[in-house]
Amino acid sequence: MKIGFIGLGNMGAPMAVNLATAGHDVTGFDLVTDCPDGVAKADTATQAVTDADVVITMLPNGAILRSVADEIIPAMKAGATLLDCSTVDVESARAVADAATAAGLLAADAPVSGGIGGAAAGTLTFMAGGSDEAFANVSPLFDIMGQKAVHCGPSGNGQAAKICNNMILGATMIATCEAFALADKLGLERQSMFDVVSTSSGYSWSMNAYCPAPGIGPESPSDNDYKPGFAAELMLKDLRLSQQAAESVDAPTPMGERATELYKQFVEDEDGLGLDFSAMLPRFEKQTRG
Ligand code: NAD
């Protein structure tokens with residue numbers, strides 16, 4: 001396939017390389033970064049998308065996605081597919097898909113989980129929204145860039161799945177970290193805490209697969225001085241998107257709201273910026289109730 005790839009940052013560059021390595025003809029554009037090896041460089045976004053069968057965007061946020069979409073949609077050829085893999089608000093995802101469809105294109109939103117490591121290894125998980133036809137068109141590309149793709153329904157539903165998942169993740173990571181810090185103060189060994197909780201009803205991915213306590217459980221960013229991994233500021237971004245979405249449909253999300261406040265405090269007022277999101281544990285360790 002001829003693929004246009006816009007946004008060649010930490011995630012986009014390795015994803016584009018994997019597509020090129022698999023034999024696709026990939027042309028890339030980024031405002032700042034250079035094209036990685038194997039990806040042809042376009043001078044403008046428009047140039048990258050002309051003639052493309054599929055255009056992939058991997059951009060920082062919904063406002064940038066909307067402005068790039070305004071620029072590229074008129075330049076795309078009829079019947080081509082616009083596939084946005086960025087994490088953005090549900091409203092922007094749906095607005096861009098509507099604009100693409102109105103212009104005679106197919107559209108899918110497919111945010112990812114798996115981080116930079118998953119992007120490089122081609123093991124991302126895609127959560128996709130869009131028509132059956134759009135999903136079928138881009139499925140072979142999901143197989144190259146990832147290990148799993150779930151079609152979650154119409155446009156915007158991929159973003160909805162992503163932010164609901166990450167809202168659960170943010171809240172359970174905080175709960176796991178505060179429980180470890182409480183256990184410390186109660187004189188419970190961290191290994192005992194892990195052995196019990198990881199096999200009891202308090203278990204979760206945060207405890208079992210990504211344990212925030214260094215030296216306990218499988219290897220995780222806590223074993224590497226909390227170097228991300230999944231940075232606290234990216235968790236904050238996703239939590240904010242969850243709250244924006246919850247407001248738009250009047251859904252009560254008290255735990256998501258509190259998790260957003262705590263990550264905001266951690267990233268903006270404390271030392272959380274640049275640390276893994278599991279560094280909530282040393283944060284709680286240092287604090288008292290007051
Ligand atoms: P990044 O900041 O490294 O890359 C974004 C790229 O977009 C940058 O290179 C930037 O120059 C480029 N860009 C910005 N505006 C542009 C424009 N108008 N035209 C062309 N290029 C433009 O971010 P990233 O870590 O690659 O993340 C990309 C998306 O993936 C985000 O939405 C993020 O939330 C999501 N995501 C990231 C991770 C992660 O671990 N990094 C994990 C899952 C999802």
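Just so you know, ligand 1 is whichever comes first in the structure, and atom 1 is the first atom listed for that ligand. Side-chain atoms are counted along with the backbone in the values below, which use heavy atoms only and exclude waters and symmetry mates.
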With a 3.5 Å cut-off and no angle check, do the side chains of Asn208 and Ser198 form a donor-acceptor pair?
no
Pair Arg66-Asn61, side-chain donor/acceptor within less than 3.5 Å
no
Just checking, any donor-acceptor pair under 3.5 angstrom between side chains of Thr253 and Gln243?
yes
Hey, what polar pairs (N/O, under 3.5 Å) does ligand 1 make with protein?
{"residue": "ligand 1", "atom": "3 (O)", "partner": "Asn10", "partner atom": "N", "Å": "2.9"}
{"residue": "ligand 1", "atom": "3 (O)", "partner": "Asn10", "partner atom": "ND2", "Å": "3.2"}
{"residue": "ligand 1", "atom": "9 (O)", "partner": "Asp30", "partner atom": "OD1", "Å": "3.3"}
{"residue": "ligand 1", "atom": "9 (O)", "partner": "Asp30", "partner atom": "OD2", "Å": "2.6"}
{"residue": "ligand 1", "atom": "11 (O)", "partner": "Asp30", "partner atom": "OD1", "Å": "2.6"}
{"residue": "ligand 1", "atom": "21 (N)", "partner": "Leu31", "partner atom": "N", "Å": "3.4"}
{"residue": "ligand 1", "atom": "26 (O)", "partner": "Asn10", "partner atom": "N", "Å": "3.3"}
{"residue": "ligand 1", "atom": "26 (O)", "partner": "Met11", "partner atom": "N", "Å": "2.8"}
{"residue": "ligand 1", "atom": "32 (O)", "partner": "Leu59", "partner atom": "O", "Å": "2.8"}
{"residue": "ligand 1", "atom": "32 (O)", "partner": "Thr87", "partner atom": "N", "Å": "3.0"}
{"residue": "ligand 1", "atom": "32 (O)", "partner": "Thr87", "partner atom": "O", "Å": "3.4"}
{"residue": "ligand 1", "atom": "32 (O)", "partner": "Lys237", "partner atom": "NZ", "Å": "2.9"}
{"residue": "ligand 1", "atom": "34 (O)", "partner": "Lys237", "partner atom": "NZ", "Å": "2.8"}

Taking the six-membered ring for Trp, are Phe266 and Phe277 closer than 6.0 Å centroid to centroid?
no
Any side-chain donor near an acceptor of the partner, Gln191 and Asp195, under 3.5 Å
yes
Could you check whether Asp89 and Ser92, counting side-chain N and O atoms only, form a donor-acceptor pair closer than 3.5 Å?
yes
